[in-house]
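Accompanying notes for the structure given below.
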Amino acid sequence: MIEKDFISSNDLEYPTDGEIGWNAPSNIALIKYWGKHVDQIPANPSVSFTLSTCATNTSLRFEKLPEKSSFFSFDFMFEGKPKIEFKPKIVTFLERIEKYLPFLRSYHFVIDSSNSFPHSSGIASSASGMAALGLCFLEMERKANPEMTSTYFNQKASFIARLGSGSACRSIEGSLIQWGNTPSIDGSSDLFGIPYPFEVHENFKKFQDTILLVHKGQKTVSSTVGHGLMNGHPFAQSRFVQAHQNLEALHPIFKSGDLESFIKIVESEALTLHAMMMTSQPYFILMLPNTLEIINAIWAFRNKTKIPLCFTLDAGANVHVLYPESEKDKCMQFIQDELIVFCENQHYICDRIGSGAKQFL
Ligand code: DP6
C-alpha cells in the first residue's frame, strides 16, 4: 500500500447523522521510535506490545451541515466536560487527515473522549486518543463503503492515527505490532503498523505490564520536541541502524521464547532512548531518582531469583515492568514489597498484552 491508496473515492454516499464509538488501547514500545520526518514518518522501525487496560473511549456524533464549511466544525469534550485547550491539536489532526477523509468539513461533530487510566497519570494518552478518534472518523467512511475489507480498514486506521501521533499507529490491532520500513520484514511500512508477521512463542502471548507511576505530572519535554532533537544529533545515524539490528535480532527470540535475550534488547532500547535525550543539544533528563531506584531493584531481584522480569521506559519517568504471566504472583509480590514505595502516592496500573481496538457504538 502506498500513500495514494488511502485517498477515499469521491463518489461515496455518507450518512447524514449518527453516532460512532471506538475504544483504542495504549501500547508500549520494545524497540523505540525516536526521531521522525514530516507527518510522523519514523526515522527507524519500532515494535510494541498492544496494551489492554490503558485505553481511550471516544464517541463521535455527527450531523451533516447544509453546506461544506470553510473551517472544521466540532465540539470536544474530555471526560464529560468541554476542553477547548485540546481543540488546536485536533484541528491540526483534521488538517492532516482531510486529504484521506474528504467529508470532514461537511459535518458538525461532537467528540467525547475519556481515558481508562487516571487523568494526569503521566501515561501517554496521545497514542490511544488519536487511534480512537481516527477509528471513529474512518468508521464513517466504512458506513458509506461497507465493502471495505478489514485489512484495508485496519491499515487505513493505522495510517490516519499516525498522522495524529506516530505511536498511535501501533494502537489499532493487537498484540505485537511493527511499524516502519525495515529489510528484515516484508510488508513493513513507514505509513502504518502491521501485526508482527513471524512466529511468536507462548512465553510472550500473555505478557504482563505493571506501570509504576513515578511521576504523574506533565513531562518537562514533549515527545514531539524530543523527536526533533534527533535532527543533527551526533549519534542519530548509529542509533537508527541499531534499531533495525535490534528488531532483526528479536525475530529468533520471539520464535524461541528466549527471555534472557529478550530482556537484553528491551532494557538496552529503553536506556538508549534516554541516552539519546541526555546527548541531544539541548540535553535533558526525564528519568527521576526513583526511576533509577526501581531499575536497580529490578536488576537485584532478577540476579537473586532468576525470574525473567525486566523494565522498559517511555519518554518519561514512569517504569513499565514486563514479565510473563507464569511469573505473575511472584512479580506482583516483589512489586508490592519493593517497588511501589518509589511511586507517586504508591500508584501503579496493572496492564497486560491486549488484542486491539474495539467498536462500542
Ligand atoms: C518514546 O508517538 O508520542 O514513546 O509522533 O510526535 O506524537 P509523536 O510522538 P510519540 O512518540 C513516542 C515515543 C516513545 C517511543 C515509542 O512509543 O516508540
Side-chain angles (χ1 to χ4, degrees), residues 24-51 54 56 86 88-90 92-93 96-97 115 121-134 158-172 176-182 188 190-194 196 209 211 218-231 233 236 239-240 242-244 246-247 250 265-278 280 284-287 291 311-320 322 351:
S26 187
N27 68 76
I28 180 68
L30 305 169
I31 304 289
K32 307 290 181 182
Y33 148 58
W34 198 243
K36 66 173 176 178
H37 309 289
V38 76
D39 283 346
Q40 286 70 249
I41 294 299
N44 65 258
S46 57
V47 71
S48 55
F49 280 145
T50 306
L51 295 179
C54 289
T56 300
F86 284 15
K89 219 177 167 182
I90 294 177
T92 304
F93 181 45
R96 288 182 190 153
I97 65 177
N115 288 336
S121 56
I123 297 286
S125 56
S126 65
S128 55
M130 289 299 176
L133 185 56
S158 175
F159 176 93
I160 294 288
R162 187 201 86 237
L163 293 168
S165 175
S167 55
C169 81
R170 300 186 312 237
S171 275
I172 306 297
L176 192 55
I177 299 294
Q178 191 275 326
W179 168 44
N181 200 12
T182 190
S188 58
D190 285 346
L191 301 180
F192 51 86
I194 56 167
Y196 180 74
D209 178 4
I211 309 165
Q218 279 275 337
K219 301 186 285 202
T220 46
V221 180
S222 74
S223 288
T224 303
V225 171
H227 285 293
L229 295 175
M230 289 301 278
N231 289 323
H233 189 295
R239 159 60 197 153
F240 300 148
Q242 180 200 42
H244 288 272
N246 279 346
L247 186 54
L250 275 179
I265 291 178
V266 168
E267 291 189 345
S268 162
E269 276 286 319
L271 295 177
T272 302
L273 167 70
H274 285 259
M276 291 299 111
M277 300 174 192
M278 290 187 226
S280 62
F284 58 105
I285 301 180
L286 294 182
M287 290 187 285
T291 312
F311 71 86
T312 188
L313 305 166
D314 257 342
N318 297 332
V319 183
H320 291 247
L322 303 175
D351 211 334

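All of these numbers come straight from a predicted model, not from anything done at the bench. We count ligands from 1, going down the list as the structure has it; atoms in each ligand are counted the same way.
Within ligand 1, the atoms closer than 4.0 Å to a non-hydrogen atom of Asp314 are 4 (O), numbered from 1 in the order shown. The ligand atoms of ligand 1 that sit less than 4.0 angstrom from a heavy atom of Ala315 are 1 (C).
When non-hydrogen atoms are compared, ligand 1 lies under 4.0 Å from the side chain of Ala29 (C-beta onward) but not from its backbone. When non-hydrogen atoms are compared, ligand 1 lies under 4.0 Å from the side chain of Leu273 (C-beta onward) but not from its backbone.
A distance-only check finds a donor-acceptor pair linking the side chain of Glu269 to the backbone of Lys32 [under 3.5 Å]. In this structure, Trp179 contributes its side chain and Asp190 its backbone to a donor-acceptor pair below 3.5 Å. Using modelled atom types, no side-chain atom of Arg162 and backbone atom of Phe192 make a donor-acceptor pair closer than 3.5 Å. The backbone N or O of Ser167 sits less than 3.5 Å from a side-chain atom of Asn27, completing a donor-acceptor pair.
The N/O atoms of Gln40, backbone and side chain alike, include none that comes under 3.5 Å of an N/O atom in ligand 1. For ligand 1, the polar-atom distance check finds an N/O of Gly166 within less than 3.5 Å of one of the ligand's N/O atoms. Ligand 1 has no nitrogen or oxygen under 3.5 angstrom from a nitrogen or oxygen of Lys32. Of the N or O atoms in Lys36, one or more lie within a sub-3.5 Å distance of an N or O in ligand 1.
Residues satisfying the side-chain hydrogen bond (donor to acceptor under 3.5 Å, both in side chains) test with Gln242, not counting sequence neighbours, are Arg239. Applying the ring-ring contact (aromatic ring centres under 6.0 Å, His included) criterion to Phe240, with sequence neighbours excluded, gives no partner residue.
When the heavy atoms of Ala161, Pro45, Ser165 are ranked by distance to atom 7 (O) of ligand 1, first place goes to Ser165. Taking each of Ala168, Gly180, Ser167 in turn, the one with a heavy atom nearest to atom 2 (O) of ligand 1 proves to be Ser167.
Taking the side chain as every heavy atom from C-beta outward, His227 and Trp34 approach each other to under 4.5 Å. Contact check for Gln40 versus Arg96: side-chain heavy atoms found under the 4.5 Å cut-off.
Note on ligand 1: Arg170 sits in its first shell, one or more heavy atoms being nearer than 4.0 Å.
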